[in-house]
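Below, chain A is the first sequence line, B the second, and so on; all start at residue 1.
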2 protein chains.
Amino acid sequence: MRADAKKNYDHLLVVASAVVAEQGADASLRDVARRAGVGLGTLYRHFPTREALLEALLRAGFDELAARAAELETSSSPEEALVSWLRDCVACAHEYRGVVALMVAAIEDTESALHASCVTMRAAATRLLARAQAAGMARTDIDGTDLFALIGALTWLGDQPSLAPRADHLFGVVASAILTDQARRSCAPRPQS
Amino acid sequence: MRADAKKNYDHLLVVASAVVAEQGADASLRDVARRAGVGLGTLYRHFPTREALLEALLRAGFDELAARAAELETSSSPEEALVSWLRDCVACAHEYRGVVALMVAAIEDTESALHASCVTMRAAATRLLARAQAAGMARTDIDGTDLFALIGALTWLGDQPSLAPRADHLFGVVASAILTDQARRSCAPRPQS
DNA sequence: ACCTGAACACCGTTCAAGT
DNA sequence: ACCTGAACACCGTTCAAGT
């Protein structure tokens, strides 16, 4: 990449991060180019699709989640690893409002720039779930895709201003549904019933 | 309302129902007016906001849900009434893709045309929940707003093409989290774990 | 009263023309 | 190689002009 192109690319990412944080995943790309002081075509050259831009914005978070999954697999109990990682996933997807809808769409769209990352996420979820299931700590009638869906639903919930105050609490409710009685006894916030 | 106005109003609703079913809650209002063979201003005269149009489209379903809540309160066991009504809510909100986001936004926006209906829904949810809680059938650390949020999250899930096949299954998972052990023993699909 | 559609200010996306 | 911005086809929303 030529030096001037690299400079545009980097600056576009900085500006896009701010604009998408403000306006969400359906932010105006025109506005991004405008604020970056760059022609609209330049943005499209570097990021041919909205997904490509978001992928670049999210890549660091995705990589961190993948590393954290591997780490948790050896450092924590199966049930704690699973729940803790799910919480991190929700936090990551929540970074940009509305991006989770594109992520769940990407998992079945091999053309999407987000496809590979999302498939990797789901694979990590599947591994952590399998470990918890093998230990009798997670119900066995769900799979990685179900977890991915629940992460999406909980992220969506946190994206809605009127529901956001409940997001943490409801994360706990859903997490308790994933775990077995045995795990609930050994784990986190005292289960009631 | 003048006879010609009434005719336009009714026809707009029929056309809007089809267009919103196709395109979702962010359907093109221009397209609705165009397909109805009516000026754009006519649509705005009858439905000053998108919410007003959706409210008209959803009113029948809302009324039915309210009636069903009252009926279930006397005809079914507390846990069956609650779960069955929640299922109906999700089905109703799922009728038009994306409408659930406007519904959850409306619950805190007294200016929204959807506000009253959503507050009524939440009140019905609160009553059914309280009845189940009093019978020891539902966990007591959630309230009607939490239920409303979970309905929203499950509806969103069903709105996503890649997750829709899991929506029914995950409804069961979340429903099991709302019920107590006692209710799970007495209720529906055999709980595992 | 009610209807119409032009007008305005925005989009996303493409692509010929420039450097 | 890379950048620019006009061009095109869409939006939502308003409002003067018509009937």
Exercise for the section: Among D:dT4, D:dG5, D:dG12, find the nucleotide with the atom closest to the side chain of A:Val38. Expected result: D:dT4
Practice task
Measure from CG on B:Asp31 to C1' on D:dA9 and round the result to the nearest Å.
Solution key: 14 Å
Exercise for the section: Decide yes or no for B:Glu95 and B:Val99: does some side-chain heavy atom of the first lie under 4.5 Å from some side-chain heavy atom of the second? Expected result: no
Problem - Phosphate OP1/OP2 of D:dC2: any A:Arg45 side-chain N/O under 4.0 Å - result: yes
Completion exercise
When rounded to whole Å, the CD to C1' distance for the pair A:Glu51 and C:dT13 reads 14 Å
Exercise for the section: Round to a whole Å and report the spacing from NE2 of A:His11 to P of D:dC3. Expected result: 14 Å
Practice task
Remember a base hit wins even if backbone is also touched, and classify A:Ala27 as base, sugar-phosphate or nothing at under 4.0 Å, heavy atoms.
Solution key: sugar-phosphate
Practice task
Answer with base, sugar-phosphate or nothing: what part of the nucleic acid does A:Ala33 contact at a heavy-atom distance below 4.0 Å?
Solution key: nothing
Fill in the blank from the handout: note: A:Leu12, atom CG; D:dT4, atom C1'; distance rounded to Å ~ 13 Å
Fill in the blank from the handout: Across every strand shown, the nucleotide meeting Watson-Crick or G-U wobble geometry with D:dC2 (both distances under 3.5 Å) is C:dG18
Exercise for the section: Classify the side chain of A:Arg50 and the base of C:dG12 as holding, or not holding, a donor-acceptor pair under 3.5 Å. Expected result: no
Problem - side-chain contact (heavy atoms from CB on, under 4.5 Å), paired with A:Val174, selected from A:Leu157, A:Leu154, A:Ile151 - result: A:Leu154
Exercise for the section: Could you say whether B:Lys6 or B:Arg30 is positioned toward the 5' end of DNA chain C, judged by the nucleotide with the nearest heavy atom to each? Expected result: B:Lys6
Problem - same_hphob_cluster(B:Val173, A:Leu170) at 4.5 Å side-chain heavy-atom cutoff - result: yes
Exercise for the section: May I have the distance from A:Leu43 (atom CG) to C:dT13 (atom C1'), rounded to whole angstrom? Expected result: 11 Å
Exercise for the section: Would you tell me if any nitrogen or oxygen in the side chain of A:Ser28 comes within less than 4.0 Å of OP1 or OP2 on C:dC10? Expected result: no
Exercise for the section: Identify the nucleotide, in any strand shown, that forms a Watson-Crick or G-U wobble pair with D:dC11, with both distances under 3.5 Å; if there is none, say none. Expected result: none
Practice task
Indicate whether OP1 or OP2 belonging to C:dC2 is found under 4.0 Å from a side-chain N or O atom of B:Thr42.
Solution key: no
Handout entry: Below 4.0 Å: OP1/OP2 of C:dC3 and any side-chain N or O of B:Asn8
Key = yes
Exercise for the section: Just compare D:dT13, C:dT14, C:dC2 and give me whichever is closest to any side-chain atom of B:Leu29. Expected result: D:dT13
Exercise for the section: Calculate the interatomic distance between B:Leu40 atom CG and C:dC8 atom C1'; express it in whole Å. Expected result: 13 Å
Handout entry: Whole-Å distance separating the OH atom of A:Tyr44 from the P atom of D:dG5
Key = 16 Å
Practice task
Verify the contact: side-chain N or O of B:His46 to OP1 or OP2 of C:dC2, cut-off strictly under 4.0 Å; return yes or no.
Solution key: no
Exercise for the section: Check the side chains of B:His46 and B:Asn8 for a donor-acceptor pair under 3.5 angstrom, ignoring hydrogens and angles. Expected result: no
Problem - First encountered from the 5' end of DNA chain D, between A:Gly39 and B:Gly41 - result: A:Gly39
Problem - Residue that, paired with A:Val83, satisfies side-chain contact (heavy atoms from CB on, under 4.5 Å) out of A:Arg87, A:Glu80, A:Glu79 - result: A:Arg87
Completion exercise
In whole angstroms, the gap separating P of D:dC3 from CE of A:Met1 amounts to 9 Å
Exercise for the section: Please check the phosphate of C:dC11 (OP1 and OP2 only) for any side-chain N or O of A:Arg34 closer than 4.0 Å. Expected result: yes
Handout entry: Residue among B:Leu82, B:Leu128, B:Thr140 satisfying side-chain contact (heavy atoms from CB on, under 4.5 Å) with B:Gln133
Key = B:Thr140
